[in-house]
Amino acid sequence: MDTVNNYYQTVQKAFVKLAPYYDLITLPVVSLREQVADLIAPRGSGKRHILDVATGTGAQALAFARRGHDVVGTDLSEAMLAIAQKKNQAGKVKFEVADATALPYPSDSFDVSCISFGLHEMPLTIRQEALTEMVRVTRAEGTMAVVDYALPKNRLGRWLIYRFVRSYEGEYYVQFIDSDLRELLRQVSIEVIAERALVFGGARLIIGRKALNHARQSETAI
């Protein structure tokens with residue numbers, strides 16, 4: 001419980017200070033936002049209802065919106081969302097304050113749910129609850145996408161990337177990078193259907209869907 005409380009307190013304090021500089025800090029991954037959007041919901045693939053969890057300053061949500069989709073972006077930090085809203089001049093994204101572990105949407109609401117560079121900032125319990133909520137609000141035939149840090153396969157690349165990211169990320173990054181993300185996804189009933197290395201292996205995109213047994217359980221519960 002102390003870990004969870006500390007997480008929420010840290011998020012509220014840290015991102016108030018970080019929000020004005022966040023887009024500058026994340027410049028190295030700006031191109032990934034467009035790449036991820038093209039891989040998950042490209043233009044011309046039909047309009048989809050998309051949820052971007054832990055949206056931060058809205059870069060990923062806006063990338064989806066530029067492809068003509070109906071997008072909702074949620075985040076704990078009002079300061080980060082204020083920046084996102086300034087960039088949302090066309091009003092194509094609906095930004096809302098929301099806890100990823102208790103999303104204020106009915107089950108099976110979205111065609112796609114995505115979390116981009118958010119899981120590594122969460123302790124394990126929060127990480128698992130956030131993914132469970134993503135499963136709940138995504139329809140049975142929908143898509144779930146996770147974009148986050150990874151390590152290259154070669155030893156030198158692993159060492160360099162780890163040292164570089166560790167220089168600015170917190171303790172949860174270490175726990176995240178040492179964890180088995182695919183196993184965690186399996187535990188919360190996300191079936192991995194594709195994985196793609198990004199930024200020379202320093203990040204990865206995992207695309208999944210709600211496991212069939214989970215969808216059947218939800219139907220039974222209804």
Side-chain angles (χ1 to χ4, degrees), residues 8 11-122 126 130-131 133-148 198 203 205-210:
Y8 283 106
V11 166
Q12 294 298 341
K13 292 179 180 179
F15 284 106
V16 167
K17 297 179 180 179
L18 186 61
Y21 313 104
Y22 187 78
D23 286 338
L24 181 61
I25 294 170
T26 57
L27 273 177
V29 298
V30 165
S31 63
L32 290 188
R33 310 300 189 181
E34 305 298 331
Q35 186 178 357
V36 167
D38 283 334
L39 288 168
I40 298 172
R43 193 185 307 274
S45 60
K47 190 171 185 178
R48 303 183 195 179
H49 193 32
I50 299 178
L51 174 65
D52 187 43
V53 178
T55 195
T57 57
Q60 190 62 67
L62 290 164
F64 285 129
R66 282 191 288 273
R67 283 148 182 81
H69 301 293
D70 178 18
V71 186
V72 176
T74 66
D75 202 278
L76 271 176
S77 172
E78 293 184 26
M80 296 287 271
L81 290 177
I83 302 296
Q85 196 59 58
K86 287 180 181 179
K87 296 189 290 184
N88 189 33
Q89 295 180 357
K92 293 183 177 181
V93 180
K94 183 179 181 181
F95 288 113
E96 298 183 320
V97 176
D99 185 344
T101 68
L103 295 169
Y105 311 111
S107 299
D108 306 312
S109 296
F110 295 92
D111 301 307
V112 178
S113 60
C114 176
I115 184 165
S116 181
F117 291 99
L119 292 181
H120 75 273
E121 295 179 343
M122 302 174 179
I126 299 293
L131 289 169
E133 275 291 87
M134 286 176 62
V135 171
R136 181 185 66 79
V137 301
T138 306
R139 65 180 180 81
E141 298 299 319
T143 299
M144 279 164 285
V146 174
V147 185
D148 220 308
L198 305 169
L205 163 65
I206 298 178
I207 301 174
R209 61 189 172 198
K210 187 181 298 187

Nearest non-hydrogen partners of [X] and [Y], listed with the distance:
X: Ala130; Y: Met122; value: CB-SD, 4.1 Å
X: Ser113; Y: Thr138; value: OG-OG1, 2.8 Å
X: Val36; Y: Leu198; value: CG2-CD1, 4.4 Å
X: Ala145; Y: Met134; value: O-CE, 4.0 Å
X: Ala203; Y: Phe117; value: CB-CZ, 4.0 Å
X: Lys210; Y: Met144; value: N-CE, 2.9 Å

Report the distance from atom [atom1] of [X] to atom [atom2] of [Y], rounding to the nearest 0.5 Å.
X: Gln35; Y: Leu205; atom1: CD; atom2: CG; result: 8.0 Å
X: Gln85; Y: Gln89; atom1: CD; atom2: CD; result: 10.5 Å
X: Thr55; Y: Leu81; atom1: OG1; atom2: CG; result: 7.0 Å
X: Leu51; Y: Glu96; atom1: CG; atom2: CD; result: 9.5 Å

Please name all residues satisfying side-chain contact (heavy atoms from CB on, under 4.5 Å) with Thr57, sequence neighbours left out, ordered by chain then number.
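For Thr57 the side-chain contact (heavy atoms from CB on, under 4.5 Å) partners, ignoring immediate neighbours, are Tyr22, Asp23, Met80, Ile83, Lys87.
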Judged by atom type as modelled, is there a donor-acceptor pair below 3.5 Å linking the side chain of Asp148 to the main-chain atoms of Leu119?
yes
Verdict with supporting geometry, Ile40 and Ile50, side-chain contact (heavy atoms from CB on, under 4.5 Å)
CA-CA 10 Å; Ile40 298 172; Ile50 299 178; 6.0 Å; no
Is the shortest heavy-atom distance from the side chain of Phe64 to the side chain of Val93 under 4.5 Å?
no
Qualifying side chain to side chain donor-acceptor pair (under 3.5 Å) pairs, either residue in residues 60-77, two or more places apart:
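Residue pairs passing side chain to side chain donor-acceptor pair (under 3.5 Å), neighbours aside: Glu34-Arg66, Glu34-Arg67, Asp38-Arg67, His49-Asp70.
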